[in-house]
**Student:** 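The following block contains the structure, expressed as structure tokens.
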Amino acid sequence: MRRRRPREPAIQQRPGGVGVGAERSERQQLSFPSIFIYGHTSSGKTYVMKTLLNTLQLPHVFVNCVECFTSRLLLEEILIQLQNHSSETRRASPVPCDTFNDFVRLFKQALVSQNLQDQTVYVVLDRAEQLREMEANILPAFLRLQELTDRNVTVILLSEIVWEMFRPNTGCFEPFILYFPDYSIGHLQKILSQNHPPEYSADFYSAYINILLGVFYMVCRDLKELQHLAALNFSKYCEPVVRKEAKERDTRKLWKNIEPHLKKAMQTVYLREISSSQWERLQCEEGELGQIKGLSAHAHVELPYYSKFLLIAAYLASYNPVRTDKRFFLKHHGKIKKTNFMKKHEKTSNHLLGPKPFPLDRLLAILYSIVDNRVAPTANIFSQITSLVTLQLLSVVGNNDQLDGPRYKCTVSLDFIRAIARTVNFDIIKYLYDFL
Amino acid sequence: MSTRSLSKGCFVFKPSPKKRKVSRTTAYYFREGSSDLEDSELRFATCQSLQKQVKSETEQIEEELNEQLFDNLVSFLRRSHSAFQEKKTEWTCRTKSREIPTAALVLGVNVTDHDFTFRSLSEVLQNNVTPYIALLEAKDCPGIKNLMQKLLGQLMNCCIDVDSSEEEDYEHVSRSRVRCSMTTLINWYESATKRTDSETPGKKRTSSRHWQSPPVVVIFKDMESFTTKVLQDFVVISSQHIGEFPLVLIFGIATSPMIIHSLLPHSVSSLLCIELFQSLSCKDHLSTIIDKILLTTQFPLKLSEKVLQVLINIFLYHDFSVQNFIKGFQLCIVEHFHSNPLSVLCCQLEEAKRRVNSLSHNQCENVRRLPSFRRYVESQVSEKQIALLTVDSSLKEAVQKLLEDLNVYHENYFPILRCLHVFTSSLPKYPLGKQIRELHCACLENRVWETEEYESSLQLARMLNKSDLVTMLQKCVEILVSSPGREFDEIVEKLKEFLTQFQKLEEAYQERDESISPQKELQKKTNLYHLQKTLLELKESRRSKKLTKFEMLRFEVVDYIDSLVRHYLVPADHKTLHEIVYFNTASVLREHLNAAPRIALHTALNNPYSYLKSEALKSDGGSISNKAPDICIAYKLHLECGRLINLADWLEAFSTVVTAAEGPTADAASSDQVDDVIHARFIRAVSELELLGFIKPSKQKTDHVARLTWGGC
């Protein structure tokens with residue numbers, strides 16, 4: 001591979017084994033039945049495969065398994081692509097193919113009709129981890145497709161997770177495994193610099209990429225994301241040059257101009273706090289960032305009065321041990337010895353352990369004691385609990401058999417509940433066991 | 001309204017449109033229980049027309065409120081779309097990854113209202129932007145497969161709707177044969193847009209209405225309820241094809257936009273280009289509705305303080321749902337016209353006067369029975385009293401006059417209320433409430449000027465500074481000028497006079513500024529002793545100082561406002577014949593809208609007399625009567641038990657109670673052996689209790705059941 005396309009850096013950094021079968025051998029020679037390629041996100045698996053198959057003009061089928069979410073869709077998609085291999089016109093109605101048995105039969109037919117018997121056909125399954133969720137026979141059958149069809153076919157699986165997570169209990173044919181390591185910073189630099197805009201020189205752009213990687217490499221190594229960020233912020237980088245305030249070689253000045261901007265981008269666009277189109281508009285208008293608030297600025301949720309108290313009660317029930325309820329919510333709880341009250345094993349913060357499930361009765365009992373005036377157990381109160389569940393502020397634990405006494409968990413954070421409690425003048429910290 | 005059901009409490013009689021279609025039966029229900037046949041029909045008709053009026057009015061208000069939001073959304077769609085089309089060749093566009101334009105629509109927690117918003121949103125989009133809209137709900141999409149099916153189904157159907165029927169057979173592919181994949185969708189989109197393009201000369205209207213290549217809008221109604229996997233898969237799949245057709249997502253969010261980040265991992269959310277849109281908060285929404293519907297003279301029916309409080313409390317404490325508030329108001333209308341025979345007069349003044357003339361004798365008697373009318377009669381001279389109580393025609397005359405008075409009262413009440421609100425809403429700490437609805441309730445409840453809050457707000461008003469006072473007066477003038485009341489000319493004159501006086505004061509001040517202020521004198525003194533002396537003097541003089549002109553004027557203004565309040569903001573139940581116009585049975589409304597099923601069930605089982613009304617069941621205190629239904633006996637016995645109930649003990653107690661009446665002779669005969677019939681009855685009662693959710697079988701102990709409720713004794 002390295003010999004053939006040295007100019008494509010994304011491919012250049014990849015192990016040479018991929019193309020071995022295709023490159024070194026003649027087309028009619030049998031190749032390994034299945035190859036499994038894994039590597040982290042955007043380490044070039046899909047891109048390398050695509051480029052390779054297209055440049056060598058090998059007969060192939062390329063399918064994304066997320067898109068074909070049922071086995072039927074997947075099999076039909078492969079057949080359709082195979083049938084359209086030579087002819088451009090798409091068939092109006094695809095042949096129904098429900099089982100793998102049918103698939104093998106139809107696959108053979110398709111190979112004959114397309115005159116592909118004498119060369120290796122590649123079936124690439126991108127995001128192959130989805131195969132595990134289909135019927136149990138799909139994955140082993142694909143691995144043995146060569147044997148089942150008795151044709152010269154190689155199945156290539158692309159995935160982000162290791163082969164050990166795939167291997168079925170019953171065992172299967174072991175594919176040839178290839179690992180795509182992550183790009184190093186040098187690789188990233190080379191790949192990103194490759195794609196420079198036509199108006200500017202490669203050196204200029206490469207300097208820009210250097211600065212960009214300096215800021216973002218700590219948080220993001222995703223090539224696609226970096227490319228996106230590079231495109232978004234490049235116009236800002238060029239600004240001094242466009243205004244003739246700096247020359248292209250004035251790296252230091254350019255760096256001073258772009259660095260705070262990139263840091264801001266890291267806190268906003270990269271986290272998708274504001275969208276990239278909003279970011280671009282901001283750049284154009286030279287406006288201050290304060291004008292557009294990020295998504296997390298709108299974290300406040302307005303709730304009806306009793307819903308607030310229900311949520312507070314749920315939070316207390318989730319984070320306080322049951323036996324402390326007496327101390328918190330009974331007016332005349334008598335004397336509870338402090339040493340007794342503070343048990344040793346409960347010293348570890350309940351907040352570190354996360355919310356615990358509690359029954360409905362406890363929730364209502366706490367609610368009645370923390371609301372000042374009398375609350376009638378009306379239908380509305382119960383429906384409010386359900387709507388809190390649909391809003392994902394509470395979650396139901398276990399089976400949802402209503403007669404069995406449903407159990408809930410409170411899923412909101414401490415900050416959130418404190419903000420809620422503040423609006424109803426309820427000092428929640430005083431009621432939390434962890435903060436005593 | 002009556003039901004034939006045993007339990008009571010959770011029957012909401014919503015005025016459903018279907019019911020109205022079969023109007024004869026509804027009218028029949030209306031007639032039930034009232035002796036006057038003719039009036040009930042008239043009442044029914046009035047009720048219906050009022051309902052219709054309220055409905056159209058609220059819909060219009062909601063449309064206006066949503067207009068801004070929808071405009072923003074449409075322009076967002078336009079923007080996201082244009083970016084797609086134009087700069088395909090530009091360098092940045094090539095290298096930048098293609099994101100799916102996404103609108104995060106934060107609508108607030110009042111989920112019941114969202115349906116209406118989404119319906120009108122899709123209508124707006126359909127009319128202005130694109131015919132291709134799919135509305136997805138979480139409950140229809142448990143998996144990605146169902147989601148795609150639903151999506152394709154909605155999109156392909158909408159295509160048929162837009163096009164004429166000629167091509168129906170072409171599009172009419174049975175759903176099962178369509179492959180539910182993105183490629184199908186893309187092919188469909190291509191063919192659909194191509195078709196509309198080729199038809200443009202023939203069908204100018206459709207092409208001008210929609211954009212060149214209309215975006216496909218997919219709306220997720222309830223983002224929170226979707227499972228993470230479905231959403232992720234959908235976003236990933238559609239991001240693969242975003243270059244091939246213009247897709248726009250709209251997420252309906254009830255809580256906060258943070259939910260996007262908690263539902264989608266960064267790798268998926270980085271495929272989206274999310275912009276935030278926020279709808280009006282539901283509290284503002286409610287204020288507008290109350291302002292436009294309740295605080296006007298437009299609708300003859302008014303709500304009394306208690307009823308309004310019930311509706312507002314349900315809104316604030318329970319659901320935040322404006323739709324439910326409106327439904328509650330509609331229920332008030334139905335209930336008022338149904339239960340009150342005199343509600344026939346609850347219509348516009350002219351019509352009401354006409355109807356007074358044709359009142360029957362029975363109805364006249366009804367009028368005489370009204371407490372407010374009795375009070376009125378008592379205040380009259382004796383001859384007049386006799387005439388009113390015996391002669392129908394003089395009664396009718398009086399009623400006409402009183403109705404007119406009531407109308408005038410309302411015409412004056414609302415503008416003056418608004419004026420008072422202008423004052424109270426700017427005072428610190430809002431002693432009379434921030435919202436006008438709180439002020440309205442306070443005024444309806446009793447004489448507002450006798451309350452402490454009013455007193456303290458007047459005190460505060462006497463300390464207002466001049467610029468505030470002037471702007472308030474100007475606002476009041478505006479309100480009064482724009483209102484139709486007849487008596488306001490005088491008031492407006494008076495207020496304007498105040499304003500000119502303030503103006504004059506200002507000029508006077510400017511003149512006086514030139515005179516030497518005491519502070520200037522102060523600076524001359526250098527000796528410490530002298531300084532102290534002058535300061536003391538100054539203090540002294542300030543304390544005994546006469547009021548300045550401005551302060552005098554301020555007192556005058558406040559007093560004038562006070563006099564207006566005393567004159568015009570009399571509580572409605574001090575007015576004669578208020579019962580005709582005001583709906584005030586809050587308890588009925590509460591029973592219907594804020595039902596307490598637990599309490600109702602407990603009452604039914606604990607005290608069967610309250611529902612069955614059989615004399616035999618009338619029991620005194622805690623004793624258990626054996627005449628009661630079996631389930632009641634079993635229920636009462638189980639209340640005395642702890643968390644686990646021994647079935648054998650329970651059965652024994654049950655049989656003791658049931659056989660108690662037979663006397664000691666019968667008891668002795670079957671003391672050790674429980675009768676088979678009683679045994680069977682007991683089993684049935686226990687299984688009924690289990691069905692109602694009071695007990696459940698327990699595995700902790702044999703022959704025991706667990707109680708699921710507590711309290712209730």
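Chain naming here is simple, since letters A, B, ... match the order of the sequence lines and numbering starts at 1 in each.
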**Student:** Using 0.5 Å steps for rounding, measure from the SG atom of B/Cys282 to the CD atom of A/Glu302.
**Tutor:** 6.0 Å

**Student:** Between B/Ile253 and chain A, with a heavy-atom cut-off of 4.5 Å, which part of the residue counts as in contact: side chain, backbone, both or neither?
**Tutor:** neither

**Student:** Roughly how far, to the nearest 0.5 Å, is OH of B/Tyr317 from NZ of A/Lys308?
**Tutor:** 11.0 Å

**Student:** What residues, two or more places apart in sequence or in another chain, satisfy salt bridge (Lys or Arg N to Asp or Glu O under 4.0 Å) together with B/Asp284?
**Tutor:** none

**Student:** Chain B: which of A/Leu229, A/Leu303, A/Thr70 shares the most heavy-atom pairs with it under 4.5 Å?
**Tutor:** A/Leu303

**Student:** Is B/Ile599 in contact with chain A via its backbone, its side chain, both, or neither, using a 4.5 Å heavy-atom distance?
**Tutor:** side chain

**Student:** What heavy-atom pair brings B/Ser225 and A/Thr390 nearest, and what distance separates the two atoms?
**Tutor:** OG-O, 3.9 Å

**Student:** Who wins among A/Asn64, A/Asp222, A/Thr41 for the most heavy-atom pairs under 4.5 Å with chain B?
**Tutor:** A/Asn64

**Student:** Identify the two heavy atoms, one from A/Thr378 and one from B/Pro597, that lie closest to each other, and give their separation to 0.1 Å.
**Tutor:** C-CD, 4.2 Å

**Student:** Suppose we screen for salt bridge (Lys or Arg N to Asp or Glu O under 4.0 Å). Which residues come up paired with B/Lys229, at least two apart in sequence or across chains?
**Tutor:** A/Glu133, B/Asp233

**Student:** Tell me whether the count of non-hydrogen atoms from other residues, nucleotides or ligands lying under 6.0 Å of NE2 in B/His241 goes above 12.
**Tutor:** yes

**Student:** Give me the atom names and distance for the closest heavy-atom approach of B/Arg598 to A/Pro377.
**Tutor:** CB-O, 4.4 Å

**Student:** Need one label for A/Ser307: side chain, backbone, both or neither, based on atoms under 4.5 Å from any heavy atom in chain B.
**Tutor:** both

**Student:** Among A/Gln384, A/Gln392, A/Arg127, which has the most heavy-atom pairs under 4.5 Å with chain B?
**Tutor:** A/Gln384

**Student:** Contact part of B/Gln278 toward chain A, heavy-atom cut-off under 4.5 Å: side chain, backbone, both or neither?
**Tutor:** side chain

**Student:** Of all of B/Phe234, B/Phe315, B/Phe320, which one pairs up most often with chain A through heavy atoms under 4.5 Å apart?
**Tutor:** B/Phe320

**Student:** With only heavy atoms counted, which part of A/Glu67 is less than 4.5 Å from chain B, the side chain, the backbone, both or neither?
**Tutor:** both

